[in-house]
Undergrad: 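One structure, pasted below without further comment.
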2 protein chains.
Amino acid sequence: MQFSGDILIEDEFLRDGLQNEERIFTLAEKLEFLAALEAAGLRRIQVGSFVHPKWVPQMADTDALCEAMPRNEGVTYTALVLNGAGLDRALAVGLGHLSISISASETHSRKNTNRSVDEGRAAITPVIERALSEGVTVRAGIQSALGCGFEGRIDPARVIAIAREFAALGVQEINIADTAGLANPVQVFDLCRKLQDAIGPDVALSLHLHDTRGLGLANMLAGLQAGVRIFDAAMGGLGGCPFVPEATGNVATEDLAFACEEMGLATGIDWQKLRAPVARAEALLGRALPARQSHVPSPPWLREVA
Amino acid sequence: MQFSGDILIEDEFLRDGLQNEERIFTLAEKLEFLAALEAAGLRRIQVGSFVHPKWVPQMADTDALCEAMPRNEGVTYTALVLNGAGLDRALAVGLGHLSISISASETHSRKNTNRSVDEGRAAITPVIERALSEGVTVRAGIQSALGCGFEGRIDPARVIAIAREFAALGVQEINIADTAGLANPVQVFDLCRKLQDAIGPDVALSLHLHDTRGLGLANMLAGLQAGVRIFDAAMGGLGGCPFVPEATGNVATEDLAFACEEMGLATGIDWQKLRAPVARAEALLGRALPARQSHVPSPPWLREVA
């Protein structure tokens with residue numbers, strides 16, 4: 001077991017992190033966290049989602065955030081889009097990178113978008129095509145791809161079929177989400193291998209993992225072994241899905257970055273710089289977040305730079 | 001990535017779990033937890049340690065516990081021994097399986113036993129020899145083998161040299177402990193491969209992992225890939241070392257068992273039966289324990305048997 005090269009971590013604190021919180025963060029607070037993420041070296045940041053404010057009020061100011069935020073060179077600012085109306089809003093604020101996703105679980109799909117999986121596939125195709133035609137870099141996402149808290153196992157053949165469709169549309173990346181944190185490493189390894197074969201070497205494969213059952217970093221390791229080099233995470237390990245009650249905690253950015261760096265992979269992230277914003281988020285939320293690194297001393301070999 | 005066969009989990013709730021708690025559990029409580037562990041299918045249980053009650057008062061009744069507990073067929077009852085006085089006590093209560101261990105870290109060794117590593121090696125040799133000559137099955141342990149919260153990295157050559165000495169004495173198993181939870185999967189894989197080569201196929205290798213930095217199950221996965229099939233864990237993820245302030249939380253028995261079963265490995269453990277004793281421990285301690293499985297719904301495919 002040996003790794004080298006670069007890892008890209010997409011931080012989703014501002015989207016998957018905040019969307020499940022009762023407390024609605026202000027635009028100023030979001031800008032503050034965005035700046036902290038950039039200062040720690042994050043190079044891709046999901047800042048929000050263009051969904052209906054009635055369903056996810058925490059994301060209602062995503063348009064305003066995109067207007068107000070800086071657009072620093074070397075940083076990709078991205079957001080989540082689930083339909084054509086969302087794409088209109090994303091294009092209006094000039095985002096050049098988007099996650100456009102559907103669910104592989106019938107129940108999750110109906111709860112999230114009031115559509116069956118096949119209806120979701122049909123509905124998302126023109127959205128992706130239009131985004132690509134507008135020059136947007138598209139990451140097509142498959143939620144609940146590794147298990148569903150409602151219906152259990154998800155047929156990998158269905159996930160692979162959806163991924164093939166996305167690849168045929170010309171998307172640049174396909175994101176596989178363990179939305180409820182139900183995956184195990186053998187499953188992750190197998191599915192990632194099969195997916196990469198199915199979509200070909202020119203489409204990147206990324207993983208979105210939750211740590212619901214403590215397997216977040218073990219699943220990351222399996223993904224690494226299958227060749228995945230892009231991982232979603234959220235500062236502090238905040239996270240969840242408003243329509244998936246079990247989905248607790250994204251893999252924490254600081255824990256994932258530490259793990260990668262220890263194994264010889266370069267993340268570009270100085271995760272020790274996330275201690276302060278995590279403490280700030282905990283103060284605002286009034287509770288401790290699940291990330292580990294932010295709550296234990298740095299390893300002795302890193303303490304001099306802490 | 002594919003696994004099959006059996007996994008042996010040694011539960012250390014009663015030793016590594018309780019030894020760090022301010023609250024001293026009664027003999028009756030310990031017997032209750034022991035019964036719960038057996039009822040859930042644990043086949044090897046570390047019930048306490050024969051150390052000086054002045055230093056670890058939580059373990060002062062280990063002799064009494066060994067006298068009072070049942071000795072059910074198919075269950076191995078074991079305890080921790082650090083010196084000859086401890087071995088005397090273990091032999092007096094008729095334990096046939098013992099963990100006899102030293103630390104690979106100078107600082108940890110001095111804090112734990114007031115000896116250098118080399119002094120520890122010299123002192124433990126006659127203890128192991130005597131235990132073996134009395135017919136005890138000996139698991140020789142190397143604490144802080146994968147990193148030390150005080151001095152950082154530990155030279156793997158030192159760990160391998162100690163393991164060779166232990167193997168030459170005729171011990172049945174060698175246990176490698178990540179006492180401070182500082183290991184990463186690449187390191188675990190490499191060291192386990194080298195250790196198994198060094199000690200030969202007739203000596204079992206086991207891993208004792210802490211989840212301090214969220215890598216507990218990722219390190220387990222690396223150990224599995226290196227061929228390890230015996231893992232320590234503690235119900236509820238309780239744990240720590242009184243002399244290693246950073247050492248928080250053993251890998252949780254229920255999380256490790258779930259992970260193994262999901263990957264096709266048989267543990268013999270019905271981890272859902274640990275929910276009740278974990279809730280009981282949390283009530284006694286007045287706080288939530290770090291295990292995940294005990295705090296989230298079972299996956300849909302297991303709910304009918306919950």
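Below, chains carry the letters A, B, ... as their sequence lines are ordered, and counting in each starts from 1. Here the structure is a predicted model, which means the values were calculated and not measured.
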Undergrad: Chain B heavy atoms under 4.5 Å from A/A222: which part of the residue, side chain, backbone, both or neither?
TA: both
Undergrad: Spell out the residues in residues 255-264 of chain B that have some non-hydrogen atom less than 4.5 Å away from a non-hydrogen atom of chain A, in order of number; otherwise answer 'none'.
TA: B/D255, B/F258, B/A259, B/E262, B/M263
Undergrad: Using a 3.5 Å distance criterion without hydrogens, assess whether the side chain of A/R153 forms a donor-acceptor pair with backbone atoms of B/W301.
TA: no
Undergrad: Side chain, backbone, both or neither: which part of B/N219 has a heavy atom under 4.5 Å from chain A?
TA: neither
Undergrad: Are A/L217 and B/R213 side-chain neighbours, meaning at least one heavy-atom pair lies under 4.5 Å?
TA: no
Undergrad: I'd like to check the ring-ring contact (aromatic ring centres under 6.0 Å, His included) partners of A/F189; sequence neighbours left out, ordered by chain and number.
TA: none
Undergrad: In terms of heavy-atom pairs under 4.5 Å with chain A, which of B/Q2, B/Q225, B/M220 leads?
TA: B/Q225
Undergrad: By a 4.5 Å heavy-atom criterion (distance strictly below it), what part of B/A291 contacts chain A: side chain, backbone, both, or neither?
TA: neither
Undergrad: Taking all non-hydrogen atoms of both residues, which atom of A/C148 and which atom of B/P300 are closest, and how far apart?
TA: O-CG, 3.4 Å
Undergrad: Given a strict heavy-atom distance threshold of 4.5 Å, which part of B/E254 is in contact with chain A: side chain, backbone, both, or neither?
TA: neither
Undergrad: Go through B/A252, B/G147, B/A218 and name the one with the most non-hydrogen pairs under 4.5 angstrom from chain A.
TA: B/A218
Undergrad: Taking CG in A/D155 as the centre, count heavy atoms belonging to other residues, nucleotides or ligands within less than 6.0 Å. Is the count above 12?
TA: yes
